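Right, one structure below, let's go through it.
Below, chain A is the first sequence line, B the second, and so on; all start at residue 1. Please read these numbers as outputs of a predicted model, since none were measured by experiment.
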Amino acid sequence: MEKVTVSQLVRGAEKYADQTVNVNGWVRNNRDQKEFGFIALNDGTHFNTVQVVYEKENLGNYDRVARLGVGSAISVTGRLVLTPEARQAFEIKADRVALEGDSPEDYPIQPKRHSREFLREVAHLRPRTNLFTAVFRVRSMLAFAVHQFFQEKGFVCLHAPIITANDAEGAGELFRVTTLDPHNAPLTGDGKADYSCDFFGKKTNLTVSGQLEAEAFALAFKNVYTFGPTFRAENSNTPRHAAEFWMIEPEIAFADLNDNMNLAEEMIKYLISCLLEKAEPEMAFFSQFVDKGLQERLQDIVTADFARITYTEAVESLQKAKKKFEYPVEWGKDLQTEHERFLTEKIFHKPVFVSDYPKEIKAFYMRVNDDQKTAAAMDLLVPGVGEIIGGSQREERADVLKERMAAFNIEPEELQWYLDLRKYGGVKHAGFGLGFERAIMYFTGVSNIRDVIPFPRTVNSCEF
RNA sequence: UCCUCAGUAGCUCAACGGCAGAGCGACCGGCUGUUAACCGGUAGGUUGCAGGUUCGAAUCCUGCCUGGGGAGCCA
């Protein structure tokens, strides 16, 4: 008798036809009749369940098995039968059903439709539902595909620090990291906490980006990437923001903004191809129940070129559009969410790179273009989610970078090491940040970031 | 943080100033191939919390809490 997984059975049930097999898993549904019953069993190895048929004449504990609740863990031994004419290709005729872990009648997950809001409250149980089983298997596969993509191209993965003293980047509000006692912290002369007495001897925080560190490594390994957690203490209450999320930040040397966009486009297409190929049942589920037609649209994206326009062109086409916007479009002002959505959803109907924004609305490290008015920055906007990538060519000219830091009130001493990278063998280089969860949202059609993170951390919410 | 909508049975919702209900789920029973099975029955409630108006409040008013959506910030 062989121990098998549902995944093995789905991949080749013929191999096990008429053999006795053993499967361990959790009851998704149980329907009993007078003399026989059916259990939909999920063992976690595959999106699908396997149907277990049990009969009174074959099971000594029939009455107990018939009363098994949803969520119970069982071990089933029985004969695998091919059923090509039925809705499922095979099933197991049980000889023995042993209860491994009971699930009483107050089990919150019922064989019916639940709201996402309710399932968030039972985040420890929701991975047992169809939707979250699919979401989190896809998340896992995508994480692997990200590494695969970069490793195949010879990129070096670096683990950027999670605790950092760098708070000059301005990417968002910071989570302070401290070992000082909040009720009894040593004070400086003016009555503020004295961080020179703190663990690191200075103010430290959780990272908001591994970019600056990645730049240092790009100027040693040429092509690198980070893939790790990122923390923003912004008071953001939207379906697209979380306090803790994962970011992929490639950084490439001897490369400009165009190389950067090429890499981003190649990466997105690679990730989608992986999912369409290896996550068929999950993608089919999303396409049918979450976002109608998702599979076809993603398929189209793999073969079509992404749109590429400059900020200036975007402003012109938005101004020409008949649509009346709540916020007027004006050169020099950042694009509002409604503008970004219009561009990607109404004008292009596909991913679009918007590049070369006015330098005043972009970060200090972005390279100033020859027109002196714009910076070599790019955002990738996609339908339904909005911005999933933000990137730029970095300012490699030490004198220009110093000017820009001064304009942003950043003390040179704070980022001396970053300036050093320009002083010693600095070359043009570029990179971007891909929001991992936003990519998952885009690829699955799931519209709330809280539903693509196992245990999401958002403002006022840190359960589990 | 601002705007907006909502909180009623385990879940999804109805009742909108006058007896608190349905569907699903659960439980019990029936059914020889079900597959979000089907048929019959039973149980299940401090209507988010606190206060106010009223003869009477789930319903109207005030404050708070929680959740959804939109905006800003961004990935």
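A distance of about 15 Å separates the P atoms of B/G33 and B/C39, rounded to the whole Å. Rounded to whole Å, the C1' atom of B/A57 lies 34 Å from the corresponding atom of B/U1. Using C1' as the reference atom, B/U32 and B/U46 are 48 Å apart when rounded to the nearest Å. Using C1' as the reference atom, B/A43 and B/A9 are 11 Å apart when rounded to the nearest Å. Nucleotides B/A58 and B/G30 place their C1' atoms 38 Å apart, quoted to the nearest Å. Separating the P atom of B/C61 from that of B/A6 is a span of 11 Å, rounded to the nearest Å. Between B/G17 and B/G41, the distance separating the two C1' atoms is 36 Å to the nearest Å. Only the C1' atoms considered, B/G63 is 38 Å distant from B/A26, to the nearest whole Å.
In this structure, of B/A75, B/C24, B/G69, it is B/G69 that holds the atom nearest to the side chain of A/N448. Comparing B/A71, B/U34, B/G67 by their closest approach to the side chain of A/F38 singles out B/U34. In the set B/A75, B/G33, B/U34, the nucleotide with an atom closest to the side chain of A/H241 is B/A75. Nearest to the side chain of A/N29, among B/G69, B/A71, B/A36, sits B/A36. Which of B/C11, B/G33, B/A71 sits closest to the side chain of A/T238 comes down to B/A71. For A/R232, the side-chain atoms get nearest to B/A75 when compared with the rest of B/C73, B/G33, B/A75. Checking B/U34, B/A75, B/A71 against the side-chain heavy atoms of A/E91 singles out B/U34 as nearest. Considering only the side chain of A/P239, B/G69 comes nearest among B/G69, B/G68, B/C11. In the set B/A75, B/G70, B/C73, B/A75 carries the atom at the smallest distance from any side-chain atom of A/M247. Considering only side-chain atoms of A/N235, the nucleotide from B/U1, B/G67, B/A71 that sits closest is B/U1.
By the criterion of a centre-to-centre distance under 5.5 Å and near-parallel planes under 30°, the ring of A/F436 forms no stack with the base of B/A75.
At a threshold of 4.0 Å, the pair A/R79-A/D95 does not count as salt-bridged, since none of the basic side-chain nitrogens sits closer than that to a carboxylate oxygen. Ionic pairing of A/E282 and A/R137 is present here: one or more N-O contacts between side-chain nitrogen and carboxylate oxygen are shorter than 4.0 angstrom.
Checked against the 6.0 Å centroid criterion, the rings of A/F245 and A/F436 do not qualify as a close aromatic pair. Between A/H147 and A/Y225, the ring center distance clears the sub-6.0 Å criterion. In this structure, A/Y54 has its ring center under 6.0 Å from that of A/Y62.
In this structure B/U66 sits in a base pair with B/A6, meeting the Watson-Crick or G-U test at under 3.5 Å. Base pairing annotation: B/U46 forms no Watson-Crick or G-U wobble pair, as no partner gives both donor-acceptor distances under 3.5 Å. Checking B/A71 for Watson-Crick or G-U wobble geometry (two distances, each under 3.5 Å) identifies B/U1 as its partner. Pairing for B/U32 is absent, with no Watson-Crick or G-U wobble pair whose two atom distances lie under 3.5 Å.
Between the side chains of A/Y357 and A/D379, a donor-acceptor pair is found at a separation under 3.5 Å.
For the pair A/S236 and B/C74, the criterion of a side-chain N or O lying under 4.0 Å from OP1 or OP2 is not met. Using a 4.0 Å cut-off, no side-chain N or O of A/R116 falls inside it from OP1 or OP2 of B/G67.
Atom P of nucleotide B/C11 and atom CZ of A/R120 are separated by 15 Å, given to the nearest angstrom. To the nearest angstrom, C1' of B/C24 lies 16 Å from CZ of A/R31. If you take CZ of A/F118 and C1' of B/C13, they are 15 Å apart, rounded to a whole angstrom. Remark: P of B/A75 and CZ of A/R450 are 19 Å apart, rounded to the nearest angstrom. Rounded to whole angstrom, the span from the CZ atom of A/R240 across to the P atom of B/C74 amounts to 12 Å. Protein atom CG of A/L335 is 12 Å distant from nucleotide atom P of B/C74, rounded to whole Å.
Nearer the 5' end of RNA chain B, as judged by each residue's closest nucleotide, is the contact made by A/S115, out of A/S115 and A/A86. The nearest heavy atom of RNA chain B to A/Q88 and to A/E338 marks one nucleotide each, and the one closer to the 5' end goes with A/Q88.
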Extract from the structure each pairing of a protein N or O with an N or O of nucleotides 26-32 of chain B at less than 3.5 Å, listing the distance.
from: B/C31; atom 1: OP1; to: A/K34; atom 2: NZ; distance (Å): 2.7
from: B/C31; atom 1: N4; to: A/D32; atom 2: O; distance (Å): 3.3

Every protein N/O within reach of nucleotides 39-43 of chain B N/O, cut-off under 3.5 Å:
none

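By the neighbour-count criterion of 12 heavy atoms within 6.0 Å, atom CZ of A/F118 is densely surrounded, having more than that number from other residues, nucleotides or ligands. By the neighbour-count criterion of 12 heavy atoms within 6.0 Å, atom CZ of A/F217 is sparsely surrounded, having that number or fewer from other residues, nucleotides or ligands. Atom CZ of A/R96 has 12 or fewer heavy atoms from other residues, nucleotides or ligands within 6.0 Å. Residue-environment remark: CZ (A/R113) stays at or below the threshold of 12 foreign heavy atoms within 6.0 Å.
Relative ring orientation between A/F464 and A/F455 is described as tilted, the plane-to-plane angle lying within the 30° to 60° band. Aromatic ring pairs are classed by plane angle as parallel below 30°, tilted from 30° to 60° and perpendicular above 60°; the pair A/F285 and A/F289 is tilted.
At the heavy-atom level, A/Q51 lies under 4.0 Å from base atoms of the strands shown.
Evaluation of atom-type donor-acceptor distances gives no pair under 3.5 Å for the side chain of A/N460 against the base of B/U66.
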